[in-house]
Amino acid sequence: MDLTQLHRLMLVARRVDEEAIALQRQGVLPGYAPMKGQEAAQVGSAAALDRARDFAFPNYRDLGAAVALGVDLPAYLATHLGTWHGGMYDPLASRFAPFNAVVGGPVTHAVGWAMGARLDGTRGVALTYFGDGASSQGDVHEAMNFAAVYRLPVIFFCQNNGWAISVPTDRQVGGGSVAARAQGYGIEGVRVDGNDVLAVHEATLAALERGRAGEGPTVIEAMTYRMGPHSTSDDPGRYRTLAEEQEWAERDPLTRAAAQLPESVVAEAEQHAAEVTRQVREALTAMGDRPGEELFDFVYREPTKALLAQRRAWKEWADA
């Protein structure tokens with residue numbers, strides 16, 4: 001995938017991200033985790049995947065990865081409404097697992113999937129996203145160790161955006177580098193400029209090849225920056241300076257990519273992103289409440305007698 005295509009995807013992610021914040025402020029979404037500034041890290045990595053055999057396991061701030069994998073965006077954002085268990089889009093079709101709000105949660109899921117891919121002989125590779133804050137979770141270390149022991153085809157993709165909510169990286173990542181931890185597990189560790197979409201893309205392609213060749217997992221630490229708040233209820237001005245934000249704004253991944261492209265290409269990408277954003281806005285604002293029966297439909301594959309009784313009782317109450 002070339003820079004024109006990657007920039008186009010990043011621009012869609014940026015504009016839809018901005019729209020999601022606006023929809024939250026209007027009460028359409030109850031909450032949202034902005035990803036402005038991390039587009040290159042997410043798009044560059046996800047766009048490298050082979051949707052016929054690979055699988056991505058996101059956290060709650062990976063809209064850019066969803067865009068790159070062609071996920072239905074209104075359905076993706078509707079997941080924030082909590083209407084369906086696991087979201088309203090099809091993970092199997094998009095190769096994008098339901099996003100995980102548990103810090104570090106998708107990492108263990110990815111390792112389990114990678115073990116299955118190894119046993120199935122598909123040569124598929126799992127790509128899992130987590131932040132610098134999540135890298136301090138025990139689950140992440142256990143997942144890396146397990147993957148290393150079994151030489152599993154998995155990419156541990158850390159988006160080091162400088163802040164674990166309000167705690168800076170240097171106060172919660174021992175040694176100063178997440179990628180350097182890979183050496184302790186005997187696996188490959190790479191640190192890359194997370195605001196350079198081509199550099200991220202190339203690093204991910206190399207890690208995919210290692211995984212397919214049976215050379216085991218790779219840790220990629222993409223150095224980037226969360227330009228906005230941790231969530232729509234956060235005030236980053238309470239823990240970081242305006243000077244820091246302005247410094248990183250000068251490294252904006254979209255500005256860097258656009259500077260290497262003809263103005264006509266950038267203008268066309270803006271038009272495309274505006275149209276996608278319009279469609280997302282209209283779809284979300286028109287989305288009504290889901291049927292109440294769905295509360296009972298996604299609990300068990302085979303409903304229990306107790307669950308069916310609860311469903312009948314709810315139906316009687318709703319019809320009364």
Can you list the steps and then say if Arg210 with Thr218 is a side-chain hydrogen bond (donor to acceptor under 3.5 Å, both in side chains)?
-> CA-CA 8 Å; Arg210 281 193 291 272; Thr218 299; 3.1 Å; yes
Take Thr232 and Leu29 through the side-chain contact (heavy atoms from CB on, under 4.5 Å) test and state the conclusion after the steps.
-> CA-CA 10 Å; Thr232 45; Leu29 298 177; over 6 Å; no
Pair Tyr239-Asp234, side-chain contact (heavy atoms from CB on, under 4.5 Å): steps then yes or no = CA-CA 10 Å; Tyr239 53 82; Asp234 177 39; 2.6 Å; yes
Please assess Arg212 against Asp54 for the test salt bridge (Lys or Arg N to Asp or Glu O under 4.0 Å), listing each intermediate value before the final yes or no.
-> CA-CA 10 Å; Arg212 299 197 206 290; Asp54 301 328; 2.7 Å; yes
Stepwise side-chain contact (heavy atoms from CB on, under 4.5 Å) test for Glu215 and Glu209 | CA-CA 9 Å; Glu215 297 176 9; Glu209 286 304 309; over 6 Å; no
Does the side-chain contact (heavy atoms from CB on, under 4.5 Å) test come out yes or no for Val28 and Met287, once each step is laid out?
-> CA-CA 10 Å; Val28 177; Met287 190 175 293; over 6 Å; no
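Put simply, Val102 and Val140 are part of two different groups of oily side chains (I, L, V, M, F, W, Y) that touch within less than 4.5 Å, one to the next. Under the 4.5 Å side-chain contact rule for hydrophobic residues, Met144 and Val103 do not share a cluster. Transitive grouping of hydrophobic side chains (ILVMFWY, heavy atoms separated by less than 4.5 Å) brings Val12 and Val266 into a common cluster. Note on Val149 and Met115: same hydrophobic cluster, where clusters join Ile, Leu, Val, Met, Phe, Trp and Tyr whose side-chain heavy atoms are under 4.5 Å apart, directly or indirectly. In the hydrophobic clustering of this structure, Val111 does not group with Phe157; members are Ile, Leu, Val, Met, Phe, Trp, Tyr whose side-chain heavy atoms approach within less than 4.5 Å, directly or through other members.
For Tyr225 and Glu245, the side-chain atoms include no donor-acceptor pair closer than 3.5 Å. Judged by distance alone, the side chains of Glu221 and Ser177 do bring a donor and an acceptor atom under 3.5 Å apart. Side chains of Tyr129 and Asn100: no donor on one and acceptor on the other come within 3.5 Å. Donor-acceptor pairing under 3.5 Å is lacking for the side chains of Glu275 and Gln271. Judged purely by distance below 3.5 Å, without hydrogens or angles, the side chains of Arg15 and Thr277 never pair a donor atom with an acceptor atom. Inspection of the Trp163 and Gln172 side chains reveals no N or O donor paired with an N or O acceptor under 3.5 Å.
Note that CZ of Arg191 and CD1 of Ile220 are 13.5 Å apart. Values are rounded to the nearest 0.5 Å. Distance CG/Asn160 to OG1/Thr169: 4.0 Å, rounded to 0.5 Å. Here Gln24 contributes atom CD and Leu77 contributes atom CG; the two are 12.0 Å apart, rounded to the nearest 0.5 Å. To the nearest 0.5 angstrom, Leu127 atom CG is 9.5 Å from Phe96 atom CZ. Glu19 CD to Leu73 CG: the interatomic distance, rounded to the nearest 0.5 Å, is 12.0 Å. Rounding to the nearest 0.5 angstrom, the gap separating the CG atom in Leu49 from the CZ atom in Phe55 is 10.5 Å.
Crowding of Tyr150 atom OH: a count of heavy atoms from other residues, nucleotides or ligands under 6.0 Å not exceeding 12. Environment of CD in Gln183: sparse, with no more than 12 heavy atoms of neighbouring residues, nucleotides or ligands closer than 6.0 Å. Within a 6.0 Å radius of CD in Gln26, other residues, nucleotides and ligands contribute more than 12 heavy atoms.
The side-chain heavy atoms of Phe57 and Val107, taken from C-beta on, include no pair separated by under 4.5 Å. Looking at Glu188 and Val219, their side chains never come closer than 4.5 Å, going by heavy atoms from C-beta outward. Considering only heavy atoms from C-beta on, Met35 comes within 4.5 Å of Glu39 through its side chain. Using a 4.5 Å heavy-atom cutoff, the side chains of Ile155 and Val125 are in contact. Two residues are said to be in side-chain contact when any heavy atoms from C-beta on lie closer than 4.5 Å; Met223 and Val192 fail this criterion. Between Asp196 and Val200 the shortest side-chain heavy-atom distance does not fall below 4.5 Å. Looking only at side-chain heavy atoms (C-beta outward), His109 and Thr128 stay at 4.5 Å or farther from each other. Side-chain contact between Tyr76 and Met88: absent, with no pair of heavy atoms (C-beta onward) separated by less than 4.5 Å.
Salt bridge absent: Arg256 and Asp252 never bring a charged side-chain N and a carboxylate O closer than 4.0 Å. Of the charged side-chain nitrogens involved, at least one lies within less than 4.0 Å of a carboxylate oxygen, so that Arg278 and Glu282 count as a salt-bridged pair. Comment: Arg123 does not engage Asp50 in a salt bridge, judged by the lack of any side-chain N to carboxylate O separation of less than 4.0 angstrom. Taking 4.0 Å as the cut-off between side-chain N and carboxylate O, Asp2 and Arg8 do not count as a salt-bridged pair.
Contact record, Met10 with Leu254: CB-CD1, 3.8 Å, taken as the closest heavy-atom pair. Minimum interatomic distance between Val173 and Arg181 (heavy atoms only, all atoms of both residues): CG1-NH2, 3.5 Å. When all heavy atoms of Tyr89 and Phe99 are compared, the closest pair comes out as OH-N, 3.6 Å. Taking all atoms of both residues into account, the shortest heavy-atom contact from Ala46 to Leu69 is O-CD2, 3.7 Å.
Just one residue in the list Asp62, Thr224, Asp132 forms a side-chain hydrogen bond (donor to acceptor under 3.5 Å, both in side chains) with Gln159, and that residue is Asp62.
Taking the six-membered ring where the residue is Trp, His80 and Tyr32 present tilted rings, their angle falling between 30° and 60°. Using the six-membered ring where Trp is involved, Phe130 and Phe156 have ring planes that are perpendicular, over 60° apart on the 30 and 60° scheme.
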